[in-house]
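In what follows, a structure is listed as structure tokens, so that the remarks can point back to it.
Every chain is numbered from 1, with letters handed out A, B, ... down the list of sequences.
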Number of protein chains: 2
Amino acid sequence: MRKINLAIVGCGIVAKEHHYPALNKLKEKYNVVAVNSKTRRNAEKFSDMFENHPKVFDTYDDLLDWGEFDAVDLALPTEYNVEFVQKALINNKSVFCEKPIAINTNEAKKILGMSALSSSVVYIAENFRHISAHYRIRKIIDSGKIGKLQFIIWKQLIGMKNDNKYVETIWRKKPKHIGGFLSDGGVHHIAAIRIFMGEIESVYAKTKKISDYLGGDDTLFMTMNFKEGYIGSYTVSYALGDGRIKIDIYGDSGSIKIRKNYFIVETEKEKLTYKIPRESSFANEFLDFYRVFNGAANIMGDPLEAIKDLAVIEAGVSSSVKGKEVAIKNFL
Amino acid sequence: MRKINLAIVGCGIVAKEHHYPALNKLKEKYNVVAVNSKTRRNAEKFSDMFENHPKVFDTYDDLLDWGEFDAVDLALPTEYNVEFVQKALINNKSVFCEKPIAINTNEAKKILGMSALSSSVVYIAENFRHISAHYRIRKIIDSGKIGKLQFIIWKQLIGMKNDNKYVETIWRKKPKHIGGFLSDGGVHHIAAIRIFMGEIESVYAKTKKISDYLGGDDTLFMTMNFKEGYIGSYTVSYALGDGRIKIDIYGDSGSIKIRKNYFIVETEKEKLTYKIPRESSFANEFLDFYRVFNGAANIMGDPLEAIKDLAVIEAGVSSSVKGKEVAIKNFL
């Protein structure tokens, strides 16, 4: 398999705190050869983090004109994704692009269209699809251990403070992506919910704006109706709460309770606690992109998967406005 | 104030386990002078529990013909409430009647009508309106301690087994009351929610039948929209779960977390745990009925309050069938 020469575009929190350490673990698979940011100073500082000091480009166009790389890693404000993906594909570069795929599903479909036409890879990076515990849980469900699957209750009151680094990001303060934090964080959660429970058919939701610093609605109470007849509630607040995550999945003869670092599988016979292993979901996704770039099928990075995650949140936001249940297929 | 001569009609679980001990504490306020049950043997056994061995009547009509009492205590399968209330009022007897008020809000309105016409008291006994901690919590909310009220999350996975004594009750196995356990238990919860958060304007819900022994749908996932703009989720399953109750109420600067025996009030400054005092909510409601019988206003036993509780559950059941948000006012 061929090593990837990568150009990183966008040098914000995600690039520095997640992509950099992940790529550091994958030096045999990636050369980071160039970086580009809105401000040169940020790009230079980011370049200095790497041993090989990747080339710094003032603009994305300059980077593409230079062209001595295989793929771009787009770690940008969501609103730029469509344009930046397009330019990369025009220049025959493959794309590794951070979630959410786009500011809404309509925009996201442009990426889907480009991806269908291009021979380059378009990979939407959703790290919740690269957490091995999620598949382990799905396997336990599929094994029938907890009986016939019935419902999921996802409760996560995140309570982001005013000085949270994500909150302080300018593009998050005035979000163009639908629902602001509701989609920014929400697509992660929906990705996991879809792994556990399969596809969602319709939702009903109420959103609320509680804080004055989160750039839009920050609280979502949603009921989900799954294709297979399961039901679920997804309750999230970025404004309020203690940050604890509680996910309860019930089958008719057992349950799986997922917490931060562990999950408990309980049946009438036994109660087993499983540690959630420490792993880098970001390294996992770069590893998967490496395989896809070298010819493997693009399953976890398929833009359609990313659209399906976003569609559920968009349907929730739409439901809250309309005061009625909304079908997901309207957004696919 | 005048002592009440009481005839107890229905000698099932509630009469034996809740009304009997409550009345035992209120011997200065109540004489239990007669009992009546569908089967004479049950009524005799129940009469034997009392020191004074109240008279046993084979039928409700016989009891009413005898007539030497002030009020009936109706602890009956819900489907009989309307008829039994009517007969009591025709005989100028006051009524203390167990919740749910009736099998649905349409039927309940007959009781409301009778109550409006009669000079006797019609008191619907909802013991969740007689738990002092509920009012203490409301007071804390009203004090502004947790800031502007935002939402409530009520999660109670009750997990009733096949051999649960309530499950084994024949009239609960083939429920005529709407939603079966969903309303039987649900009116309690809605009564508490209304104390905490005020009136509910509309709901969206999904119900599910998971067990084969609970006589109808046994699981309800509901989103509530409150008149004052608050939102809430109410997630209950009588089929599955560990029985634990978790109620979280959030204001924009604090929270109240209610568990079985205690509640925690948390703000940025402090975290205080309050014990929920052991008390008999049933004794409290009989004490209140005693006051109302002697001329006090009927606030907590007002049939309209009971209808409001039932209307929310009925709206939830209706919402699940229709797949859309339903306004509570349709049922009032």
Side-chain angles (χ1 to χ4, degrees), chain A residues 146-155 157 159 161 201-212 218-226 229-237 239-242 244 246 248-255 257 264 266 268 271 319-320 322-327, chain B residues 146-155 157 159 161 201-212 218-226 229-237 239-242 244 246 248-255 257 266 268 271 316 319-320 322-327:
Chain A
I146 62 166
K148 194 176 170 313
L149 194 55
Q150 297 293 341
F151 56 73
I152 183 170
I153 302 170
W154 184 302
K155 179 184 159 197
L157 304 181
K161 302 289 173 212
E201 200 159 66
S202 64
V203 299
Y204 170 90
K206 281 291 160 183
T207 67
K208 223 173 153 25
K209 178 177 167 61
I210 295 173
S211 87
D212 56 5
D218 48 43
T219 299
L220 174 70
F221 281 44
M222 185 157 83
T223 304
M224 300 170 289
N225 303 300
F226 291 86
Y230 324 131
I231 56 176
S233 74
Y234 170 67
T235 306
V236 68
S237 179
L240 301 179
D242 55 16
R244 265 182 280 183
K246 291 194 176 176
D248 294 356
I249 297 171
Y250 275 81
D252 59 9
S253 65
S255 64
K257 287 176 187 156
I264 299 168
E266 192 169 358
E268 285 216 353
K271 183 173 173 173
S319 165
S320 183
K322 292 179 178 166
K324 63 180 196 181
E325 186 181 293
V326 168
Chain B
I146 62 166
K148 194 175 169 314
L149 193 56
Q150 298 293 341
F151 57 73
I152 183 170
I153 303 170
W154 183 303
K155 179 184 159 198
L157 304 180
K161 300 290 173 213
E201 199 158 68
S202 64
V203 298
Y204 170 91
K206 281 290 161 184
T207 67
K208 223 172 154 24
K209 178 178 167 60
I210 294 173
S211 87
D212 56 5
D218 49 40
T219 300
L220 173 70
F221 280 44
M222 184 157 84
T223 304
M224 300 169 289
N225 302 301
F226 291 86
Y230 324 132
I231 57 177
S233 74
Y234 170 68
T235 306
V236 68
S237 179
L240 302 179
D242 54 16
R244 266 181 280 183
K246 291 192 177 177
D248 294 355
I249 297 171
Y250 275 80
D252 59 8
S253 65
S255 65
K257 287 176 186 155
E266 192 170 358
E268 286 217 352
K271 183 173 175 173
S319 165
S320 183
K322 293 180 177 165
K324 63 180 195 180
E325 184 180 295
V326 168

For the atom pair CD (B:Glu268) and NZ (A:Lys161), what is the distance rounded to the nearest 0.5 Å?
5.0 Å
In Å and rounded to the nearest 0.5 Å, what is the CG to NZ distance from A:Asp248 to B:Lys246?
7.5 Å
Contacting region of [X] [heavy-atom separation from chain A under 4.5 Å]:
{"X": "B:Lys155", "result": "side chain"}
{"X": "B:Ser237", "result": "side chain"}
{"X": "B:Ser319", "result": "neither"}
{"X": "B:Lys322", "result": "neither"}

Pick whichever of B:Ser211, B:Ser253, B:Gly232 has the most heavy-atom pairs under 4.5 Å with chain A.
B:Gly232
Taking every non-hydrogen pair under 4.5 Å, which of B:Met222, B:Glu266, B:Lys324, B:Lys208 racks up the most with chain A?
B:Lys208
Please report the shortest heavy-atom distance between B:Thr235 and A:Ser233, naming the atom on each side.
OG1-OG, 4.2 Å
Holding to side chain to side chain donor-acceptor pair (under 3.5 Å), I want the full list of residues that pass it with A:Ser255, two or more places apart in sequence or in another chain.
none
Using the side-chain contact (heavy atoms from CB on, under 4.5 Å) rule, take A:Asp242 and B:Lys257 through it: C-alpha gap first, then chi angles, then the decisive distance, then the call.
CA-CA 12 Å; A:Asp242 55 16; B:Lys257 287 176 186 155; 3.1 Å; yes
Apply side-chain contact (heavy atoms from CB on, under 4.5 Å) to B:Leu240 and A:Gln150, showing your working.
CA-CA 9 Å; B:Leu240 302 179; A:Gln150 297 293 341; 4.1 Å; yes
Within a strict 4.5 Å, meaning less than it, do heavy atoms of the B:Thr207 and A:Ile231 side chains meet?
no
Pairwise side-chain contact, A:Ile153 with B:Leu157, heavy-atom cut-off 4.5 Å (strictly under)
yes
Salt-bridge test for A:Lys206 and B:Glu325: reply yes if a basic N is under 4.0 Å from a carboxylate O, no otherwise.
yes
A:Phe221: partners by ring-ring contact (aromatic ring centres under 6.0 Å, His included), with sequence neighbours left out:
B:Phe151
Greater than 12 external heavy atoms within 6.0 Å of B:Lys271's NZ:
no
Only pairs of heavy atoms separated by less than 4.5 Å count here; which of A:Gly254, A:Gly241, A:Ala239 has the most with chain B?
A:Gly241
Identify which part of A:Tyr230 has an atom lying under 4.5 Å from any heavy atom of chain B, answering side chain, backbone, both or neither.
backbone
